[in-house]
> 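Can you keep this structure in mind? I'll have questions shortly.
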Amino acid sequence: MRIPLTKLARYLRFAIAQTICLLYCCNVLPQNTPAPSTNTRVETKQEDPWWKHMVVYEIYPRSFQDSNGDGVGDINGITSRLDYLRDLGIDAIWICPMYPSPLVDFGYDISDYTAIDPLYGTLADFDHLISEAKKRNIRVIMDYVANHTSDQHPWFKESRSSRTSPKRDWYIWRDGKDRGHPPNNWLSWFGHSAWTLDPATNQYYYHYFYTEQPDLNWRNPQVRKAMYDVMRFWLDRGVAGFRIDAVSRLFEDPNLYDDPILPGKNSYGDPNIEHKYTDNLPEVHEVLREMRHIVDQYPGDPILISEADEPNITELTRMYGNNDEIQLPMDFQIADVNRLSAPEFRRLLDEIDHNPAHGQPFYFFSNHDQPRQWDRYGDGVHNDQIAKLMAALLLTTRATPLLYYGEEIGMRTTPPQRKEDVQDPIGKTGWPEEKGRDGERTPMQWDPSRNAGFSTADHTWLPVPPSSAEYNVVVESHDPHSILSFYKRALALRRSEPALKSGSYVPIDRNNPSVLSFLRKSPGGSDSILVVLNMTGEQRTLTFDLTPYGINQKNSRPLLAAPEMRGDAVSIENLTVQPFGVYIGALH
Ligand code: GLC
């Protein structure tokens, strides 16, 4: 029987990709040789900005790679792992703060915005990282902590020195309501009053986060100018943009109204409140437009990412502005879904896909502030399979995806066992109910050796979890069925398939309570890909009639499935998906 040429070509492409993947995973090809055909970059349409198709990888620098044996990760450590990131298929890294800091909030308390903390290296090391990353087509995105400085920043030291200091108004200073009482009931996100009395001048200063993180006063034009100069400093060094920390907290109501009290108490024992007068004030958007104007002056289309857990789609959409604010607002609504629920994900994906600003969605499931996805979605039995399911969800929609270091190997959350081991101050204040964020910040697991290849130190700043013996880059690179191998294949597919890279997102089988299914259709409509994600622990059989979507095929060609599916044609009229199974098939 003669095989039609197109089919033969497809078969060969598939067979070559499979062979390369096998050779690669079995270490027959050297680690830093990218798998050529699966990793081939598809030309981006002229009009598409780069960040629409990028894959971002968040690096918590203390925990990625230690290059000098002090037990803490550093810049040269990151540089030494760029080949790994390139081969994984990463286009940009966002690095959490590395600026000089007393490290009360592990770098989110900055005492100098235009330098590198010696713990992480030098500015020269940073420049070297940028140039080495560039050689590998990887862009570097900095964390920009705009809401607050450290109380050790010279600006704050000067501000607190007297009521008449020229920098007094750079921060939020107010008299107490009456003797011994703060100006109002506002609470810090990290527990207790958001006001601290400074005895030197007998006034309170405001801090949304720790006492050691006083809020800048963004109503002061000098503050804005100084902070915009910080952006220019890093843009001049070649960074590709910023992830703006805590962006919705930049302004507070100047009338200092009390926040509404809600029922119950938080894990710090304070009454719950609605942060009505300190979150998402309209003035935030004026600042975002100014920030966007600054990055837009630079070549290479630098990007603004916002960190803000907007309470609803309206606020999230507002972050895009009129295409003149944030290009990529982090979608916390999706990241905060804590259970596998096809209807819930379908609703949220639909909602953001149709956002009235036509903004590009930006998804993630793990970061340095919340428990890792391996255990958050895992059911304790199928966690590895569920890790692949979540990878497929992250990497097959039209959203720009953000990975958190280690999720690609199934790193788990490993919280401290004893209060005395806690590093994160929230864990110290909130123990035992709130154990802090150490669990999701443990060192990257590179190999099965001591300290998982992260460091040669006797003690690492957080312990290396015991699961590292099994879950690490080297071991998983040798296993074609590992979580890492699945990520690599999904990332390669996203590049090589135009429908996955830049196609539209079309939800199908919309009433299915257990399985999330959708199509990706390439811009010209010639290629379509079917994605089926079983979000339950039971096998499901599905019958798809895609004629309403202009697709007459009854079979699809498996591109990637977990568990693995063999064959050249899989019926979509009778498609069986295993518990928490993934099926991604071509319909062209
Ligand atoms: C952001 C950071 C978090 C930090 C906080 C205060 O939420 O992600 O790690 O503690 O801001 O800067």
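Order of listing sets the numbers, starting from 1, for every ligand and every atom in it.
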> Can you classify the ring geometry of His153 versus Tyr113 as parallel (below 30°), tilted (30 to 60°) or perpendicular (above 60°)?
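Ring orientation of His153 relative to Tyr113: tilted.
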
> Students should be able to answer this: which protein heavy-atom is nearest to atom 7 (O) of ligand 1, and at what distance?
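Checked against all protein heavy atoms, atom 7 (O) of ligand 1 sits closest to Glu307 OE2, 2.8 Å.
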
> What protein heavy atom sits nearest atom 8 (O) of ligand 1, and how far away is it?
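Going by distance alone, atom 8 (O) of ligand 1 is nearest to Asp369 OD2, 2.5 Å.
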
> Ignoring hydrogens and angles, state whether a donor on the side chain of Trp170 or Gln222 is under 3.5 Å from an acceptor on the partner side chain.
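Yes, side-chain donor-acceptor contact under 3.5 Å.
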
> Should the pair Tyr57 and Tyr84 be assigned to parallel (<30°), tilted (30 to 60°) or perpendicular (>60°) ring geometry?
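The arrangement is perpendicular - the two ring planes meet at more than 60°.
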
> Counting each atom of ligand 1 from 1 as listed, which ones have a heavy atom of His368 under 4.0 Å away?
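Taking each heavy atom of His368 in turn, ligand 1 has 2 (C), 3 (C), 8 (O), 9 (O) under 4.0 Å.
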
> Number the atoms of ligand 1 from 1 as they appear, then name those within less than 4.0 Å of a heavy atom of Phe209, with their elements.
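Here the atoms of ligand 1 in question are 5 (C), 6 (C).
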
> Is Lys52 close enough and on-axis enough to Trp50, meaning under 6.0 Å and within 45°, for cation-pi?
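So Lys52 doesn't make the cation-pi contact.
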
> Find all atoms of ligand 1 within a distance of less than 4.0 Å from any non-hydrogen atom belonging to His148, and give their numbers and elements.
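So the atoms of ligand 1 that pass are 6 (C), 12 (O).
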
> Answer with side chain, backbone, both or neither: which part of His207 has a heavy atom less than 4.0 angstrom from an atom of ligand 1?
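Neither part.
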
> Stepwise, does the salt bridge (charged side-chain N to carboxylate O under 4.0 Å, His left out) test hold for Glu315 with Arg318?
CA-CA 5 Å; Glu315 290 296 338; Arg318 226 168 249 161; 3.0 Å; yes

> For Asp66 and Ser455, which I'm curious about, is there any donor-acceptor pair between the side chains at under 3.5 Å?
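Their side chains do contain a donor-acceptor pair, which is all the 3.5 Å distance test asks for.
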
> Does Gln370 come within less than 4.0 angstrom of ligand 1, counting non-hydrogen atoms of the residue?
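Not so, Gln370 does not reach ligand 1.
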
> Tell me which part of Phe190 gets within contact of ligand 1: side chain, backbone, both or neither, using heavy atoms under 4.0 Å.
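The answer is the side chain of Phe190.
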
> Tell me: protein heavy atom nearest atom 1 (C) of ligand 1, and distance?
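Ranked first by proximity to atom 1 (C) of ligand 1 is Asp245 OD1, 2.7 Å.
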
> Report the part of Arg441 in contact with ligand 1, treating N, CA, C, O as backbone and CB onward as side chain, heavy atoms under 4.0 Å; options are side chain, backbone, both, neither.
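Side chain only.
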
> Is the centre of the Tyr377 ring less than 6.0 Å from the centre of the Phe365 ring?
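Aromatic pair counts; centres sit under 6.0 Å.
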
> By number and element, which atoms of ligand 1 are closer than 4.0 Å to a non-hydrogen atom of Arg437?
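The atoms of ligand 1 under 4.0 Å from a heavy atom of Arg437 are 3 (C), 4 (C), 9 (O), 10 (O).
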
> Can the positive tip of Arg441 be found less than 6.0 Å from the middle of the six-membered ring of Trp461, inside 45° of the ring normal?
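No, Arg441 and Trp461 do not form such a contact.
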
> Distance to 0.1 Å, residue and atom name: give those for the protein heavy atom nearest to atom 10 (O) of ligand 1.
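So the nearest neighbour among protein heavy atoms is Asp105 OD2, 2.5 Å.
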
